[in-house]
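Worksheet: the structure to be examined is printed underneath.
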Amino acid sequence: MPHWIDELAEKLLQYLESHFDKISEPIILNGGLSVSGLQHVGRLRGEITLNSALRYALEERGYKVKQFLTLYTQDEWKGKKPQIEAFDNPSEARKYIGFRLIDVPDPKGCHKNWVEHFWDDFGGVLDHFAPDVNVITTTQLYKDKLKKYVKIAIQRADHVRKIINKYRKRKPFPENWLPLLPRCEKCGRIGKAKILEVNLDKYTVKYRCECGFEGESSIETGKLNWRIEWSAIWAALGVHFEPYGKDHATPGGSRDSASELSIEIFGRAPPFGTPYEWVGVLNPDRTKKVMGSSDFVGFTPRQWYEVAEPEVLRYIYLTVPIMKQVFLGLHKVPEYTNNFDFGERIYFGEESAEDVEEIKRAYELAVMYNKPQSCPFRLSFSHAALLVQVISEENFLEEAIARLKETGILKKELDLTERKLLETRLNKAKNWVKYYAPDNMRISIISFEESIKIAKDAILLVKDKSKQIKMLVDKFTSIPWALDAIKESMKEITATFDDNKAIKDFFRALYLVFLGKSFGPRMAPLLTLLQREDVIRRIKLLI
RNA sequence: GGGCCGGUAGCUCAGCACGGAAGAGCGGGGGGCUCUUAACCCCUAGGUCGCGGGUUCAAAUCCCGCCCGGCCCGCCA
């Protein structure tokens, strides 16, 4: 069975053939986001990943494609509780209620405004999740491409009204209503003013605002009503495809009405589309919550990018059917990465499974233009997470490679691509350990005081070995403090033990004294990272 | 009132569009690795496939009804 992206591509091409005169190129894909708050990772699902994968599929079929992302920056800032609380001074924040998003100041003062502040954690890393996305704002569109369609909408206001009123039986708009929300120049709020007169030649609107101010402002600073706005954007950008969140998908909902307006008012077939399900957060305590921008629930693409590879997220989104809920938690990055690696091995035929074709395609669409030539060496994420904790900071890539060879996990020389991939993964793992790793995956040396306490138990494991341990201490005092010498010394000691059980107990005792638990990373490399004196005084506790 | 998604092993889920002896990963348990990792390798899950009907030689898979959970829309953008 073909991947759903390919099915979508075929359907889109059919739709374009039957609803547009011919398939005009480039094919325009658009997505839309209102920057009402936290720009979470869920918004990468439909508006970014889906579109970019679709784009890739269409390009494979020989079409030119352009991918847009429209930011709804002209929308009203509603001042929901979490939005207000984003400010240090909530009472002051209330005065921005009704402002356009673009006019609300940055609550933290580090960017030009609210939009730029919250866009940063999404837009700043967007390239890594999908290349060549043309990001535009409605604020900009109202100054250029949208003007023509704003005029049409106003000229055909009565027709617009009749269509929209079909969808709002309870509160129909009155006659002489215009689909325009002007911005008051005095109080700064949008959509609070009654329109008195529109001058399309000057492109201005006279209004009387709720605040009492009567004035005239440029239509550019206001906006169209939502449904007509959506269809106007389609017309202005020439959109052929746009996915939409499930909130728009209800029959008779905003997508349906916008489609009708597109045909009736702008004489243009609406874009093809598909609804998509929202994404939720999965917390380590297993509670779940749907991600929400203005509710500030979720985490951002930047947060993902710090601890995980972007293609891993793309792989998730491309594996799960688009109408199914997905819950994501950053604590599960190792698992997600494993799944991605699995897909990669399937793709390169290193492993077999059922439904191979779909897995292969999901992988291909996840990596797109960054596909390696052949199946690269991959270090499992959880192993990487442990490894980064026991190698030194500087030169960590070389050290990691040496360690991996030593333990037999890496058996060949890495090429440049593989080195790069490994380096990336180690870096992600390092951050992941810092922020999200559960305690039992953290390796940390306990204090000497704790060591003394725990030694009482540890010593029971090696109670008849004090002679050998003394010998070890002697060796440790005299050898050069380096990996090989440490390893040699330990081998010499354990060689005198009677059985495996004794060796195991010996190591358990060591782990207890250093880590406070009876297991841990390979001991010798760990010891090289510690001070000789510290190692010796702790081992002495076992005598 | 309308719409979507889910209910399969302790957990996360795959399998259902083309019905044919209940699956994977993780966790848990056991073992291996001339040296010790939660790396890597091997073994181990006996679960009313939400419930009830129907179709069929055969249903987790198709049809009908119901129950439970999560979510969206009901005229904001």
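All values below come from the heavy atoms of this structure, side chains included, with hydrogens, waters and symmetry mates left out. Lettering of chains follows the sequences in order, A, B, ..., and the numbering in each one begins at 1.
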Please figure out whether A/Asp247 or A/Glu76 has its closest RNA chain B nucleotide nearer the 5' end.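 First, find each residue's nearest nucleotide; the 5'-ward one identifies A/Asp247.
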
Between A/Val320 and A/Leu510, just flag the one whose closest nucleotide in RNA chain B comes earlier from the 5' side.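 So the residue in question is A/Val320.
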
Does the separation of the ring centres of [X] and [Y] fall below 6.0 angstrom?
X	Y	answer
A/Trp278	A/His40	no
A/Phe381	A/Trp432	yes
A/Phe296	A/Phe118	yes

Salt bridge check: are [X] and [Y] linked by an N-O gap of less than 4.0 Å?
X	Y	value
A/Lys289	A/Asp295	no
A/Glu260	A/Lys166	yes
A/Glu309	A/Arg378	yes
A/Glu277	A/Lys324	no

Applying ring-ring contact (aromatic ring centres under 6.0 Å, His included), can you list everything that pairs with A/Tyr315, at least two apart in sequence or on another chain?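 By the ring-ring contact (aromatic ring centres under 6.0 Å, His included) rule, A/Tyr315 matches A/Phe340.
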
How far does the [atom1] atom of [N] sit from the matching atom of [M], given to the nearest Å?
N	M	atom1	answer
B/C62	B/G6	P	11 Å
B/G28	B/A38	C1'	13 Å
B/A9	B/A77	P	45 Å
B/C11	B/C76	P	44 Å
B/A17	B/G3	P	24 Å
B/C68	B/G30	C1'	38 Å
B/A24	B/G53	C1'	32 Å
B/G47	B/G10	C1'	11 Å

Candidates [options] - which lies nearest the side chain of [X]:
X	options	value
A/His248	B/C13, B/A77, B/G70	B/A77
A/Met323	B/A38, B/A77, B/C5	B/C5
A/Thr250	B/C13, B/C73, B/A39	B/C73
A/Lys78	B/C13, B/C76, B/U37	B/C76
A/Lys332	B/A77, B/C71, B/U12	B/U12
A/Lys246	B/C76, B/C71, B/C13	B/C71
A/Trp278	B/C72, B/U12, B/U37	B/C72
A/Leu181	B/G3, B/A77, B/C5	B/A77
A/Pro251	B/U37, B/G3, B/A77	B/G3
A/Lys171	B/A38, B/C76, B/A77	B/C76

Length of the [atom1]-[atom2] vector between [X] and [N], whole Å:
X	N	atom1	atom2	result
A/Ile316	B/U12	CD1	P	16 Å
A/Glu335	B/A24	CD	P	16 Å
A/Gln325	B/C13	CD	P	10 Å
A/Leu328	B/U12	CG	P	15 Å
A/Leu387	B/C40	CG	C1'	14 Å
A/Lys288	B/C71	NZ	C1'	12 Å
A/Phe327	B/G69	CZ	P	15 Å
A/Asn338	B/U12	CG	P	18 Å

Taking Watson-Crick and G-U wobble pairs with both distances under 3.5 Å, convert RNA chain B into its dot-bracket string, 5' to 3', dots for unpaired and | for cross-strand pairs. ((((((((.[[[[.)....(..]]]].(((((.......))))).....[[[[[..)....]]]]])))))))....

Got a sec, which residues hit side-chain hydrogen bond (donor to acceptor under 3.5 Å, both in side chains) with A/Thr221, two or more places apart in sequence or on another chain?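 Once residues adjacent in sequence are excluded, A/Thr221 has no partner under the side-chain hydrogen bond (donor to acceptor under 3.5 Å, both in side chains) criterion.
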
Syn-anti status, with the boundary at 90° from 0, for the nucleotide B/A14: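 In terms of base orientation relative to the sugar, B/A14 is anti.
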
Side-chain N or O of A/Lys80 less than 4.0 angstrom from OP1 or OP2 on B/C76?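 Checking B/C76 against A/Lys80, no side-chain N or O comes under 4.0 Å of OP1 or OP2.
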
